[in-house]
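Structure record follows, encoded as structure tokens.
Keep in mind it's a predicted model, so treat the numbers as computed, not measured.
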Amino acid sequence: MFTKEQLEKWERLGYVFPEDYKNFALEDESKEITQYVIQMNLLAIPKKFGEAIKISVLTNIPLGEEMTVSVFDLDSILSNEPEGDSDTLLGRTRVKVGKSNVFFISLTDAMRKAAFSDIEFSAAECYVTISHKNATTAVSPRFSVANDLNEKSFSVSNPSKTKGLNLNDIQKAKFIATLFGESKGEYNLRDIAYIYLNTINESGFEKGLCKSSFYNLWEVDRWGTYRYLMYLLGHGEEFANEKILVDAKRNVWRTVKQVANGDFVKTKVIPNLNKLKKFADDSIFVENPVTNYIGWTGQGFWQDMNIRITNPTYKKIWALASQYYYLQLSGKVKKIFVFEYKSYDWTGLNITTFLYDSNSLFDYFEKYPDMIPTDVERIPKMLYFGKTD
């Protein structure tokens with residue numbers, strides 16, 4: 001919902017609206033909405049792939065409803081105007097309307113390859129669209145992105161020895177199952193293990209491992225992932241005959257033993273579980289593990305990082321980590337307290353995950369409170385696209 005007064009304010013801030021938008025503005029907020037509208041501004045335009053687009057969205061779509069965000073490469077040579085049906089889709093995702101709608105979209109190397117899959121040009125002409133089922137789609141101005149990849153990355157290479165874990169076999173199995181759950185079984189996210197190495201050393205086994213929502217909430221997980229992982233690891237015989245969900249649409253349930261002996265587990269789960277188990281045996285369950293993450297106790301999936309709750313503390317840290325990551329990207333801070341691990345699961349779903357030094361983040365923003373918006377809703381949210389989008 002927006003009023004004529006709000007529309008005038010946005011226009012003063014530089015937003016340009018079609019003339020007929022004034023017909024949709026309300027005299028006051030008590031009147032009924034007749035049409036939803038979306039307005040988009042590009043706040044930062046990338047010069048190369050590997051960099052990010054920053055966009056701001058103004059809309060009267062109700063809070064919590066989903067908008068679809070898409071990035072295209074312009075293929076309409078004759079008209080040189082966006083034509084979504086014929087242009088190359090580089091990525092698409094959905095995002096919920098919030099109080100403040102500012103987003104970062106990273107242009108990945110996969111997008112670069114898609115843009116130049118047919119003919120090699122010096123640059124791609126790109127644009128962004130934002131749509132909703134009951135609103136006219138907003139289309140950004142075109143912008144050129146060079147056929148080049150900015151491979152700028154942050155290093156956390158500072159190997160140091162840390163205290164080892166004195167775990168029994170059952171505890172080791174729980175640790176490995178949790179590592180698999182938090183990483184979705186993806187080996188390139190194995191460094192998540194060092195976060196739980198630290199939380200266990202800091203708080204003890206149960207309290208430390210309960211920092212993981214996968215472990216903390218395993219009893220209410222209808223899919224029973226933790227149960228069949230423990231069964232596969234030789235410490236879940238008590239779960240063998242428990243039924244877990246395997247198909248939500250058809251409401252199909254199978255026993256843990258049946259699932260563990262199924263084709264999906266044999267082909268997709270066991271090979272990755274064995275890799276992560278070997279990693280834990282060789283690198284975590286040793287006398288003095290070598291780690292680049294001394295004292296780091298934070299980890300979040302990219303969608304977790306977009307949660308803007310300030311209480312309790314463990315959720316507030318996601319907002320702090322997001323803000324500090326943007327400060328890193330913009331070069332406003334030198335010390336690296338947040339590290340991004342790009343990854344996809346076996347279906348192509350983007351499961352990019354962040355590791356961070358929680359204590360250092362709290363200390364930094366306590367020392368420099370002006371470096372974070374008073375309203376955490378104004379911290380930009382990050383959008384990632386799947387491989388197959």
Side-chain angles (χ1 to χ4, degrees), residues 42-56 69 91 93 95-96 98 100-109 111 149-158 182-183 186 188-189 191-192 194-195 198 211 292-310 313-344 350-385:
L42 297 181
L43 304 181
I45 299 173
K47 295 180 179 179
K48 301 177 181 179
F49 287 86
E51 299 173 353
I53 312 165
K54 185 179 181 182
I55 62 175
S56 175
V69 181
T93 192
V95 61
K96 290 184 177 180
S100 176
N101 298 287
V102 179
F103 308 107
F104 273 89
I105 304 172
S106 180
L107 297 186
T108 64
D109 191 36
M111 291 181 176
L149 180 65
N150 185 343
E151 297 184 280
K152 174 184 175 183
S153 61
F154 304 112
S155 172
V156 290
S157 181
N158 183 27
E182 291 290 349
S183 67
E186 293 302 315
N188 64 328
L189 294 180
D191 278 11
I192 290 173
Y194 293 108
I195 299 301
N198 292 338
K211 299 288 186 180
N292 291 314
Y293 309 95
I294 292 289
W296 288 38
T297 56
Q299 172 241 329
F301 175 52
W302 71 267
Q303 289 182 325
D304 292 335
M305 299 283 281
N306 288 338
I307 294 174
R308 294 292 178 259
I309 296 174
T310 59
T313 297
Y314 83 95
K315 289 186 176 179
K316 178 180 180 179
I317 190 62
W318 288 329
L320 301 184
S322 294
Q323 176 67 4
Y324 195 87
Y325 182 65
Y326 297 129
L327 294 177
Q328 287 179 188
L329 289 178
S330 60
K332 294 181 179 179
V333 292
K334 293 182 179 180
K335 292 185 177 180
I336 305 304
F337 296 144
V338 183
F339 196 81
E340 173 199 53
Y341 279 94
K342 290 187 174 72
S343 189
Y344 302 88
N350 197 307
I351 56 170
T352 292
T353 294
F354 291 78
L355 308 185
Y356 46 85
D357 183 348
S358 302
N359 292 330
S360 293
L361 292 175
F362 280 117
D363 290 345
Y364 176 83
F365 288 113
E366 183 176 353
K367 187 175 182 180
Y368 302 105
D370 293 341
M371 296 301 284
I372 189 168
T374 303
D375 180 3
V376 295
E377 283 285 347
R378 302 192 65 81
I379 299 173
K381 296 179 181 179
M382 53 191 78
L383 301 182
Y384 288 87
F385 300 113

In chain order, what residues pass the side chain to side chain donor-acceptor pair (under 3.5 Å) check against [X], with sequence neighbours excluded?
X: S106; result: none
X: S343; result: N188
X: D357; result: S360

Just jot down the side chain to side chain contact (heavy atoms under 4.5 Å, CB included) partners of [X], sequence neighbours excluded, or say none.
X: D375; result: E377, R378
X: K211; result: Y196, T199
X: S183; result: L189, I192, L276
X: L42; result: I45, I53, I55, S140, P141, F143

Is the shortest side-chain heavy-atom distance between V69 and F103 below 4.5 Å?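 No, every pair of side-chain atoms sits at 4.5 Å or beyond.
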Heavy-atom side-chain proximity of M305 to Y356 below 4.5 angstrom: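 Answer yes - side chains close enough.
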Taking atom types as modelled and ignoring hydrogens, do the side chains of D191 and Y293 form a donor-acceptor contact shorter than 3.5 angstrom?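 The criterion, which ignores hydrogens and geometry beyond distance, is satisfied for Y293 and D191.
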Output all residues satisfying ring pair (Phe, Tyr, Trp, His ring centres under 6.0 Å) with [X], sequence neighbours left out; order by chain, then residue number.
X: F354; answer: Y325
X: Y324; answer: F337, Y364
X: F365; answer: none

Any residue meeting salt bridge (charged side-chain N to carboxylate O under 4.0 Å, His left out) with K342, in chain and number order, not counting sequence neighbours: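 So K342 forms a salt bridge (charged side-chain N to carboxylate O under 4.0 Å, His left out) with E340.
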Applying salt bridge (charged side-chain N to carboxylate O under 4.0 Å, His left out), can you list everything that pairs with K48, at least two apart in sequence or on another chain?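 If we apply the salt bridge (charged side-chain N to carboxylate O under 4.0 Å, His left out) test to K48, skipping adjacent residues, the hits are D148.
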